[in-house]
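Data first, discussion second: the structure below is written as structure tokens.
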There are 2 protein chains.
Amino acid sequence: MGRIEYRNHDRFLLSVDCIIFGFDGKGMKALIVKRALEPETGKWSLSGGFVKKEESVDQAAERILVTLTGLEKIYMEQLHCFGDISRDPGGRVVSIAYYALIKIDASNEQLLDTHNAQWVDLHHLPPLIFDHNQMVKMAKERLQQKVANHPIGFELLPHKFTLQQLLGLYEAIYETNFDKRNFTRKILALGILQRLNEKERESSKKGAFYYVFDKKKYKQLEHEGIKLI
Amino acid sequence: MGRIEYRNHDRFLLSVDCIIFGFDGKGMKALIVKRALEPETGKWSLSGGFVKKEESVDQAAERILVTLTGLEKIYMEQLHCFGDISRDPGGRVVSIAYYALIKIDASNEQLLDTHNAQWVDLHHLPPLIFDHNQMVKMAKERLQQKVANHPIGFELLPHKFTLQQLLGLYEAIYETNFDKRNFTRKILALGILQRLNEKERESSKKGAFYYVFDKKKYKQLEHEGIKLI
DNA sequence: GCAAAAGTGTTTTGTCTACACCCATGA
DNA sequence: TCATGGGTGTAGACAAAACACTTTTGC
């Protein structure tokens, strides 16, 4: 009976598009692909795909991410549903955008090549198809807002990292400079960083201590929220 | 060509569900309806409906809101897309949730009756169908976060209101108490309130000044953001 | 004149910001 | 020994929080 009433309504193609953020130690990057599908074949695009009926929308996003990067257990969050009528000239497609944070050097390079994927400077993206630039813009704003209140920045860094790298990450995200002393004081005060007895020696003679984060406190603060910026 | 490739993919029913917030001077309310559709007919539900192919998702949300309340130009924002496989036992329906802020006494009561809609205490909702309680929970959190940084609270108040009403609104949203002096100082410092030479005399003998807000400064701060709580 | 809500300042506390020098090491 | 990036503390400004009494007026 319910199904009968449901049958009278319009059905839509649903797609998922992923804004995949990375940090290469210097700047923020986004992973984009050369589109393989008509229309707009060969143009730059976010990586995406159609939702299948046997998966949830979240699962679709995860599938697309795993297919492209080979990585599982990635930090991912839904961004927004884009539902304008003519956002895709190829047909009426409603797209749910997600953003993901990945450790750039953990991704499978070969896989990226296979998909014609490329890391590009987040703040100087080429034109992308459809409304994808708008999606990136929104994702960037959301990321900035998010990292100010939640300690998720670590998702973009290697397992062990120096305070300078962490600072560099935040500066890259906000495209601004922060005071080194104030920043490190704040971040250490949160009590989520654990200093290792090991130094990174490539970028300086003195060497900078590596830190890892304390998973327990991190998980707690991820929900509670913090004030970092 | 593009269309041909698109044709191979699954299609979905898309619905919109609206969390409609109101404030009656004492507490936060949500507008819920007795569901007219199978399945779960007669149970409480958010007001919603299916997206039509000739409208955008945003337009669908607006249509549903206008149909129910008779009000246009309502403050509304997309909340989240809910896309679990079995969220709706009646079929695979992906729902995009929106939340709206309305002036409770401006809504068309007759229209509400027609749709079996009712204002209920936001913080003590009855069980709703499907994942609607989860939607409300998320909307509540989003609202709290939003009003802390954006002066949208006014959308819930009558055109002219007293400082006590405004305070009461914020206390209702956060389910807590704020210091009257600190609160009024902050809100007045924003410079978005204009005092009228008119007093509300029902709730006190002395009478409390009415305020309205300055649309220009309000619009500006709505984008810039503020620090209110 | 009294009950009931409105309106109003100050002090204290804590937080954020600005700012500059010494340290350790490899070359 | 010197060049390079790493690491650290303090003083002042500002914002937030705590706090209580006087005013108005209808009854």
Side-chain angles (χ1 to χ4, degrees), chain A residues 24-27 144-145 147-149 151 157-158 160-172 174 176-212 221 224-229, chain B residues 24-27 144-145 147-149 151 157-158 160-172 174 176-212 221 224-229:
Chain A
D24 69 355
K26 289 186 178 156
Q144 290 182 351
Q145 184 189 322
V147 296
N149 304 308
L157 292 172
K160 54 187 185 184
F161 50 86
T162 68
L163 291 179
Q164 323 298 320
Q165 287 172 328
L166 185 59
L167 173 61
L169 169 64
Y170 274 81
E171 291 185 334
Y174 286 95
T176 184
N177 293 321
F178 296 106
D179 183 279
K180 186 174 51 156
R181 286 165 292 189
N182 292 337
F183 181 82
T184 55
R185 188 184 317 119
K186 269 198 241 181
I187 197 94
L188 290 175
L190 291 175
I192 54 180
L193 291 190
Q194 215 177 329
R195 196 174 82 174
L196 302 182
N197 275 330
E198 189 190 349
K199 286 188 162 188
E200 188 273 335
R201 301 203 165 270
E202 291 199 5
S203 57
S204 86
K205 291 160 186 172
K206 182 173 176 181
F209 280 109
Y210 276 121
Y211 287 78
V212 294
L221 291 177
E224 283 179 15
I226 58 173
K227 170 107 191 73
L228 185 51
I229 307 293
Chain B
D24 70 355
K26 289 186 179 155
Q144 290 183 350
Q145 183 190 322
V147 296
N149 304 307
L157 292 172
K160 55 187 186 185
F161 51 86
T162 68
L163 291 179
Q164 324 297 320
Q165 287 172 329
L166 184 58
L167 174 60
L169 169 64
Y170 274 80
E171 292 185 333
Y174 287 94
T176 184
N177 293 321
F178 296 106
D179 182 279
K180 186 173 50 154
R181 287 164 291 187
N182 292 336
F183 181 83
T184 55
R185 187 182 318 118
K186 269 198 241 182
I187 198 95
L188 290 174
L190 291 175
I192 54 179
L193 292 190
Q194 216 175 328
R195 196 174 82 174
L196 302 182
N197 275 329
E198 190 189 351
K199 285 189 165 188
E200 187 274 334
R201 301 204 165 269
E202 292 202 3
S203 56
S204 86
K205 291 161 185 170
K206 182 175 178 180
F209 280 108
Y210 276 120
Y211 287 78
V212 294
L221 291 177
E224 283 178 17
I226 58 173
K227 169 104 194 74
L228 185 51
I229 308 294

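Chain A is the first sequence line, chain B the second, and so forth, proteins listed ahead of strands; every chain is numbered from 1. All figures in this text were calculated on a predicted structure; none of them were measured in a lab.
We find that NZ of B/Lys206 is positioned 13 Å from P of D/dT22, with the value rounded to whole Å. A straight line from CG of A/Asp179 to P of D/dG7 spans 15 Å, rounded to a whole angstrom. Atom CZ of A/Phe183 is separated from atom C1' of D/dG9 by 19 Å (rounded to the nearest Å). In this structure, A/Phe178 places its CZ atom 10 Å from P of C/dT17, rounding to the nearest Å. In this structure, A/Leu167 atom CG and D/dG6 atom P are separated by 10 Å, rounded to whole Å. In this structure, A/Tyr210 places its OH atom 12 Å from P of D/dG6, rounding to the nearest Å. Taking atom OH of B/Tyr211 as the reference point, atom P of C/dG7 lies 6 Å away to the nearest angstrom. Spacing between atom CG of A/Leu163 and atom C1' of D/dT8 amounts to 12 Å, rounded to whole angstrom units.
Closest approach to the A/Arg201 side chain among C/dT25, D/dG9, D/dG26 is made by C/dT25 (side chain taken as heavy atoms from C-beta onward).
A 4.5 Å side-chain heavy-atom check between B/Leu163 and B/Leu193 finds at least one atom pair inside the cut-off. Using a 4.5 Å cut-off on side-chain heavy atoms (C-beta onward), A/Phe183 and A/Asp179 make no contact. Between B/Leu228 and B/Ile187, some side-chain heavy-atom pair lies under the 4.5 Å cut-off.
The phosphate of D/dG6 has OP1 or OP2 within less than 4.0 Å of a side-chain N or O from A/Gln164.
Across every non-hydrogen atom of A/Phe209 and A/Tyr211, the tightest pair is O-CD1, 3.6 Å. Closest non-hydrogen pair, B/Lys206 versus B/Arg201, comes out as O-NH1, 3.1 Å.
Backbone-only engagement by A/Ser203 is indicated by non-hydrogen atom pairs under 4.0 Å involving sugar-phosphate atoms exclusively.
At distances below 3.5 Å, not a single donor-acceptor pair connects side-chain atoms of A/Lys186 with backbone N or O atoms of A/Leu188.
Using cut-offs of 30° and 60° on the angle between ring planes, the pair B/Tyr170 and B/Tyr174 is parallel.
Taking the nucleotide of DNA chain C with the nearest heavy atom to each of A/Lys199 and A/Arg181, the more 5' of the two is matched to A/Arg181. Mapping A/Lys205 and A/Glu200 onto DNA chain D by nearest heavy atom places A/Lys205 at the nucleotide closer to the 5' end.
Donor-acceptor pairing under 3.5 Å, judged by distance alone, is present between the side chain of B/Lys180 and the base of C/dG7.
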Taking N or O atoms only and anything under 3.5 Å, show me the protein contacts with nucleotides 10-16 of chain C, one pair per line.
unit_1 : atom_1 : unit_2   : atom_2 : d
C/dT10 : O4     : B/Arg185 : NH2    : 3.2

